[in-house]
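Convention: sequence-line order gives letters A, B, ...; per-chain numbering from 1. All values below were derived from every heavy atom in this structure, side-chain atoms included, with hydrogens, water molecules and symmetry-related copies excluded. Every value quoted in this text rests on a predicted model; they were computed, and no experiment measured them.
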2 protein chains.
Amino acid sequence: MASIKDVAAQAGLSVATVSRVLNDHPSVSEDARRRVLAAVQTLGYRPNALARSLRTDQTRTLGLVISDVMNPYFTELARSVEEEARALGYSVIIGNADERPELQDHHVRTLLDRRIDGLLVSPTDGGSPLMLDAARAGTPMVFVDRWIPGVDVPVVRSDGQAAVRDLVAHLHRIGHRRLAIIAGPAATTTGRERVDAFRAALREHGLELPGTYIGQGDFQAGSGRRVTDGFLDLAEPPEVVFAADNLMALGALDAVRARGLRVPDDIALAAFDDIPWFVHTDPPVTAIAQPTGALGRAAVRALVDRIEGRPGASVTLPARLVVRRSCGEPVPPQSPSPVRRSTP
Amino acid sequence: MASIKDVAAQAGLSVATVSRVLNDHPSVSEDARRRVLAAVQTLGYRPNALARSLRTDQTRTLGLVISDVMNPYFTELARSVEEEARALGYSVIIGNADERPELQDHHVRTLLDRRIDGLLVSPTDGGSPLMLDAARAGTPMVFVDRWIPGVDVPVVRSDGQAAVRDLVAHLHRIGHRRLAIIAGPAATTTGRERVDAFRAALREHGLELPGTYIGQGDFQAGSGRRVTDGFLDLAEPPEVVFAADNLMALGALDAVRARGLRVPDDIALAAFDDIPWFVHTDPPVTAIAQPTGALGRAAVRALVDRIEGRPGASVTLPARLVVRRSCGEPVPPQSPSPVRRSTP
DNA sequence: CCTCCTCGTGGAATCGATTACACGAGGGAT
DNA sequence: ATCCCTCGTGTAATCGATTCCACGAGGAGG
C-alpha cells in the first residue's frame, strides 16, 4: 500500500508538503497542491489512520459498549449513536457485552488499547476496576441508559418513573391487584430503578409488592421464561406480569404460550422498552417507550463535548406509556406504532 | 498514559527487553521478566495497539459491513461473527450500511484506512469501485449472505431454493393460487435470487408470477407496507404475500392491520428469515430460517484462512421452512421456536 | 589456557504520519 | 542598497512499538 513517501516521490516534493496538502494547511502553493493531488490520484493513496493517530494522539473514534446487541433497544441506540457521531466527524466501534461483566471488560480493554478518544458505556454491572480506573484517569466517558453511582461521569438516560406510575394506574383501573415484576439484575441501575418505581407506584394505590412477586431476571429472554414459569406455579399467581425489558417479555410470552394460556385473559403482560414487534404480537403489548434515538444523540454530544474540552452535561429524558391490549380492557381508540427509521 | 519507555525506566532495562517480555520471546532471563512484569503492574501499562500495528503491519481486526443493524437477522449474524473472531484472537469493527451504497462505501473506506486485516461484506449493491479495487488489490475479503458476481472472493451464504420450493408446495396444498412477492433490491443477489426461486417453484405447480404480483421493496419495513398496500388495491389481490425479509414482513403486517384485515383469513403471509418474534405475532408467521450463527462462524473462518495465507473456501448452507399459522391450515403439530442465544 | 557458542541484553533503525525549525527567495519599506 | 517579512519548502525529530545486529559474559570443548 502506497505511503506518503511514495506520494512525495511521485510528486517530486517532500513528505512535509504532501502532508500539508492533505491537511489543507494554508501555506502551500497552488502548483504543489495540484501535483500532490495528482500523485494521490494515480497511486490511489489513502493515509494510514494508525500512523496519523499515533502521531496526533487522537483517533476521532468513540467506543460504545452496550449490554446486548440482540436487544432491539440497544440496537436502535447503537444506530443513533453511530449516526450522530458520523455527523460530528467521529467513527464508532461497538463492543457487545452480552450482559456478561467479563466480556464488557474485554471490550473496554480492547477499546482503550486502541486509544479511542472517548467511551460510551451502558454498564452490565457495578463497574470493574478497569472501567473505574479509566474514568478516574481522565478517559472521556459517558454512561448511557445505565450508570454506576459514585463515579464522576455524565449520565444520559431516560426516566421511567412517571410512565411506570401511569402503567400501574392503568392496571389498577382495569381491576388488577396482584402485580408481579420480572426484574433486571440488581447490579444494574435500570434493574433496581424499575423495581423501585414499580413498588412506589403500587404503594400509591395501597398495594404491596411481595417477595414472591419479584422474579430475578437478567434482561434476557431465557430468564423471562423461567421467572414467568415460577409465577404461574404459585398457589396464587399474579394477575399481571411486568417485564423490565423487551427480551424478558418475549420469554414471558413463550412461557405463557407453552402452557396453553392466553394473554390477557389468563394473565396480563406489560414491558419496559417499546419495539415495533409489540404492535403485532398476540396480543399487542402495552409498553413503556424510551426516546431511544434522542438518548443516543444526546450521549454522543455529551461525550464529544468532554473530548473537546467542554463540560458535557447529564441528560434525563422522560419515557412514556403506550397502552395496547395485553393488560385487558379498556382498549384505547388507536394505539400508535412506535416510529422507527426516519429521523425528523 | 505510560509507554514502553516508562516501563523500561521503571524496570531498569531497555525497551527491547520489555518488548521481549511482553511478546514472550524465549531469550529473556527470569529476573528481567519479573522486573518488567512488576513495572507493568505498578504503572498500569497497556501496549499501544496503534504503535504495535503500525510496526507489525497487522491489526488483528476484522471489518464487518452489514446492510442493516436494525434487522434482527444481521444483528444475529454480527453477534456470531464477533464471537468466532474473538475465539480466533481477532476483534471486529462493525459498519452499518443501512442499505445505502454511499454509507457502505464510507465504512469500507474507514475500515481500510484503519488497516484492518480482512473485510467481511454483505453488499448493498453491485459493488462500488472502491470495494472492487480493494478486492483486486488483495485485501482479504469474504462475502457473507449477499455477494457480487464476477469478483474472485469466497462467498458464505445460505441457499433458500429448496426451502422456497417447500413453501410454495405448502401454499399450494392449502389451496392458494395467487401468490405475490415483496422483493428485495434487484442490485442485491438475495433480492434477485429469492424472486427467481419463487418463480421457479410456482412454475413447478403450473403457476405464473405476473408483474403485478412482484412488488419492489428495499428490505426495510416501510417498503413492505407500501408494496402490500399496492397489492391490496389491485382488482384481484393476491391470496398470499411472501416477503423477502423479516422487516418487509413487519411492514406487510402493518399494512394489513391498518385496513382492519386479518392474516391469514383475508390474506396469507410468509417471510424469508426467521426471528423469535414470529412465534408470537398474530398469527405466528411461517418463515424460512437461515442457519445464521453457522453462517457467521463459517464466514470468519474463511476470512481468517485467507488472512493467514490459507485458501479460504466458499460455503453454502441450506435454509429450511418453518410452518406456522400465517398461511392458513393445516396447522403443524407444534411449530418450533427458533433457538437463540445459546450456542451448543 | 584459548577458542567458540550460547544467552541475555542494549542500541538503533523502522513503520507512516505530523510539525517545529531552518532556510532561501522575493517584495516592500527605509 | 540594505533590512526585514512573508511565503513556500525541506530536514529532521517524534509518536510507541518491534526487531535486526552487535556485544560482553560465561560455559564447554580442545
* Asked: Do A:E83 and B:R100 sit within salt-bridge range, that is, some charged N less than 4.0 Å from a carboxylate O?
  -> no
* Asked: Do the side-chain N or O atoms of A:S27 get closer than 4.0 angstrom to the phosphate oxygens (OP1, OP2) of D:dT9?
  -> no
* Nucleotide nearest A:N23 (side chain, heavy atoms from C-beta), chosen from C:dT18, D:dT9, C:dG11 -> C:dT18
* Can you tell which of D:dG10, C:dA17, D:dA17 lies closest to the side chain of B:P47? -> D:dA17
* Asked: Looking at C:dG16, D:dT9, C:dA12, which one has an atom nearest to any side-chain atom of A:I4?
  -> C:dG16
* To do: Please report, rounded to the nearest Å, how far the P atom of D:dG16 is from the CE atom of B:M1.
  => 11 Å
* To do: Output the single nucleotide from D:dC20, D:dT18, D:dC15 whose closest atom is nearest the side chain of B:R55.
  => D:dT18
* D:dG10 OP1/OP2 closer than 4.0 Å to side-chain N/O of A:T17 -> yes
* Separation of atom CD in A:Q58 from atom P in C:dA17, rounded to whole Å -> 16 Å
* Counting side-chain heavy atoms from CB outward, which of C:dC15, D:dT9, C:dG16 is closest to A:K5? -> C:dC15
* Take the protein atom CZ of A:R46 and the nucleotide atom C1' of C:dA17, then report the distance between them rounded to whole Å. => 14 Å
* **Comparing B:H25 and B:R115 on DNA chain C - which has the more 5′ nearest nucleotide** => B:H25
* Counting side-chain heavy atoms from CB outward, which of C:dT18, D:dC15, D:dT19 is closest to A:T56? -> C:dT18
* **Salt bridge flag under 4.0 Å for residues B:D113 and B:R109** => no
* How is B:L22 classified with respect to the nucleic acid when contacts are heavy atoms under 4.0 Å: base, sugar-phosphate, or nothing? -> nothing
* Taking the side chain of A:A32 as heavy atoms from C-beta outward, which of D:dT9, D:dA17, C:dG16 is closest to it? -> D:dT9
* Pick base, sugar-phosphate or nothing for A:L50, based on heavy-atom distances below 4.0 Å to the nucleic acid. => nothing
* Asked: Between C:dT18 and A:S19, is there an OP1 or OP2 to side-chain N/O distance shorter than 4.0 Å?
  -> yes
* Asked: Starting at CZ of A:R52 and ending at P of C:dT19, how long is that distance when rounded to a whole Å?
  -> 10 Å
* Structure fact -> Rounded to whole Å, the CZ-P distance (A:R114 to D:dC15) equals 23 Å
* Asked: Nearest nucleotide by nearest heavy atom, which residue falls closer to the 5' end of DNA chain C, A:R20 or B:R33?
  -> B:R33
* Asked: Is the shortest distance from a Lys or Arg side-chain nitrogen in B:R136 or B:D133 to a carboxylate oxygen in the other one below 4.0 Å?
  -> yes
* For the pair made of CG in B:D57 and P in C:dA17, what is the distance, rounded to whole Å? -> 12 Å
* Asked: What is the distance, rounded to the nearest whole Å, between atom CG of B:L13 and atom P of C:dG11?
  -> 11 Å
* Asked: For B:S29 and C:dT9, is the shortest distance between a side-chain N/O and OP1 or OP2 below 4.0 Å?
  -> yes
* Is there a donor in the side chain of A:R157 and an acceptor in the side chain of A:T189, or the other way round, less than 3.5 Å apart? -> no
* **Among B:L64, B:L111, B:V153, the one residue meeting side-chain contact (heavy atoms from CB on, under 4.5 Å) with B:L119** => B:L111
* Return the value, rounded to whole Å, for the distance between atom CZ of B:R35 and atom P of C:dG10. => 8 Å
* Under a 4.5 Å cut-off applied to non-hydrogen side-chain atoms, are A:R52 and A:N23 in contact? -> yes
